[in-house]
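Computed over heavy atoms, backbone and side chain alike; hydrogens, waters and symmetry mates excluded. Whatever order the structure lists them in is the order used to number ligands and atoms, beginning at 1.
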Amino acid sequence: MGKKGRLDLVKMKQAGEKATWITAYDYPIAHFAEKVGMDMLLVGDSLGMVVYGYDGTIPVTMEECLIHCRAVRRGAPNTFVIGDMPFLSYQVSIPEAVRNAGRFLKEAGMDAVKLEGGRRVIEQIRGIVDAGILVMGHIGLTPQSSGQLGGFKAQGRTAESAEELIKDALAIEEAGAFALLLEAIPPELAQVITELLTIPVYGIGAGPHTDGQVLINGDMLGYFEAFTPKFVKKYTNLAEIITKALQEYVDDVRQGRFPGPEHSYSVLKEELDKFNDVVKRYKSSGKK
Ligand code: KIV
């Protein structure tokens, strides 16, 4: 199967087939994800925390995002890849939002962009869609506004906030977004939104009823250690695996166990005599 597009994702929703995606920030993970037939990839602005070690996504720039989008595109040339619009790349004005969204397509080969927020960014979503660009909405826990939300906290847990999120979701679909991501909300609310919308609705920490799931690769592969949200399932523990390998390497070098003969190059047979002469001459000269 070739690269999936918007209509394939809609068909999957209609057929009740779950879409699977993760975040990717580099060539190797993108390559492995494509190898296992992942339906989509997101070059999330979570790269700020996972790759750059910031304590949130606010400092992430357009340039950082574009560099990682290009690497992911090279690693997964046949996968639908979404570029995540970083903080202040779309909030300030509609023309700026359109121009920055376009850069993800023109300069990094992305298939779509994602941005955070509901009705308050609806004109930006409309503007980007009008420019012919696929946009995914993202509501619930929106890390770029975690300050306003009081931290990285689950959303939609009260009747009032649930209703606000439903209104946001409907507005995002009406503005022309091709899909919606729900983050850290109760499953019952995610189910209502998924059923109300005709566009695909995906979830991270939003329960099992959405049209598909996304996880942050640093979480599910177990190498991002700063914190692990409740909704994460760790499929492996790369932190442990990597630390163990690095420790063994350090010990091997210090104990003289690495490199061994199997890691060394031999002199060309036909050059052996002349080679030995050179080595002997320099050895006997005593010069270091
Ligand atoms: O930046 C990101 O990784 C995200 C996740 C919530 C999927 O938006």
Side-chain angles (χ1 to χ4, degrees), residues 9 18-26 29-30 33 38-62 64-69 71-72 76 79-91 100-101 104 108 110-118 121 125 134-146 149 151-156 165 168-169 172 177-185 190 193 200-207 210-221 223-224 226-233:
L9 299 171
K18 301 279 184 188
T20 323
W21 44 301
I22 57 166
T23 63
Y25 317 112
D26 55 24
I29 294 290
M38 203 80 76
D39 298 298
M40 287 188 275
L41 288 172
L42 169 72
V43 186
D45 65 349
S46 50
L47 65 86
M49 291 176 282
V50 180
V51 178
Y52 288 99
Y54 304 142
D55 61 6
T57 55
I58 299 298
V60 176
T61 65
M62 275 297 295
E64 285 168 343
C65 287
L66 290 172
I67 286 172
H68 291 276
C69 285
V72 168
T79 302
F80 188 89
V81 185
I82 304 158
D84 207 6
M85 298 192 72
F87 181 61
L88 280 199
S89 69
Y90 57 94
Q91 288 92 342
N100 283 323
F104 279 93
M110 295 292 95
D111 297 294
V113 296
K114 172 171 89 56
L115 55 81
E116 295 181 7
V121 291
I125 293 178
L134 291 173
V135 184
M136 176 182 280
H138 176 173
I139 56 173
L141 168 51
T142 44
Q144 290 175 19
S145 39
S146 58
L149 301 177
F152 291 86
K153 290 205 170 111
Q155 301 295 305
L165 287 173
D168 281 337
I172 287 169
F178 82 97
L180 175 63
L181 175 63
L182 304 174
E183 178 167 355
I185 65 169
I193 294 175
V201 177
Y202 304 113
I204 177 164
T210 55
D211 298 312
Q213 298 290 328
V214 58
L215 280 175
I216 291 180
N217 83 52
D219 289 335
M220 59 98 68
L221 296 176
Y223 71 89
F224 179 68
F227 63 94
T228 305
K230 174 188 166 78
F231 56 73
V232 169
K233 177 172 175 183

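Within the 4.0 Å heavy-atom criterion, the part of L42 lying near ligand 1 is the side chain and not the backbone. In D45, the parts holding a heavy atom less than 4.0 Å from any atom of ligand 1 are both the side chain and the backbone.
Nearest non-hydrogen protein atom to atom 8 (O) of ligand 1 is K114 NZ, 2.9 Å. Annotation: atom 2 (C) of ligand 1 to nearest protein heavy atom, S46 OG, 3.3 Å. Distance from atom 6 (C) of ligand 1 to its nearest protein heavy atom, with residue and atom name: E183 OE1, 3.0 Å.
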(message) What verdict does the side-chain contact (heavy atoms from CB on, under 4.5 Å) test give for Y223 and V50, after you've listed the backbone C-alpha separation in whole Å, the side-chain angles of each residue and the deciding distance to 0.1 Å?
(response) CA-CA 9 Å; Y223 71 89; V50 180; 3.6 Å; yes
(request) Could you walk me through whether Y25 and I216 pass side-chain contact (heavy atoms from CB on, under 4.5 Å), step by step? (result) CA-CA 10 Å; Y25 317 112; I216 291 180; 3.5 Å; yes
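Ligand 1 does not have E116 within reach: every non-hydrogen atom of the residue lies 4.0 Å or more from it.
Side chain of H138 to backbone of E116: no donor-acceptor contact under 3.5 angstrom is found. With Q213 contributing its side chain and G207 its backbone, the two residues share a donor-acceptor pair below 3.5 Å.
Near T23, with a cut-off below 4.0 Å to any heavy atom, the atoms of ligand 1 are 3 (O). In the vicinity of H138, heavy-atom distances shorter than 4.0 Å reach the ligand 1 atoms 6 (C), 8 (O). Which parts of ligand 1 touch D84 is read off a 4.0 Å heavy-atom cut-off, strictly below it: atoms 1 (O), 2 (C), 8 (O). Counting the atoms of ligand 1 from 1 in the order shown, those under 4.0 Å from a heavy atom of G44 are 1 (O), 2 (C), 3 (O).
Looking at Y25 next to ligand 1, no N or O pair under 3.5 Å apart turns up.
D45 pairs in a side chain to side chain donor-acceptor pair (under 3.5 Å) with only one of the listed residues (H68, K114, Q144), which is Q144. Exactly one of L181, I185, L182 qualifies for a side-chain contact (heavy atoms from CB on, under 4.5 Å) with I139. That residue is L182.
Classification of the F227-F224 ring pair by plane angle, with boundaries at 30° and 60°, yields perpendicular.
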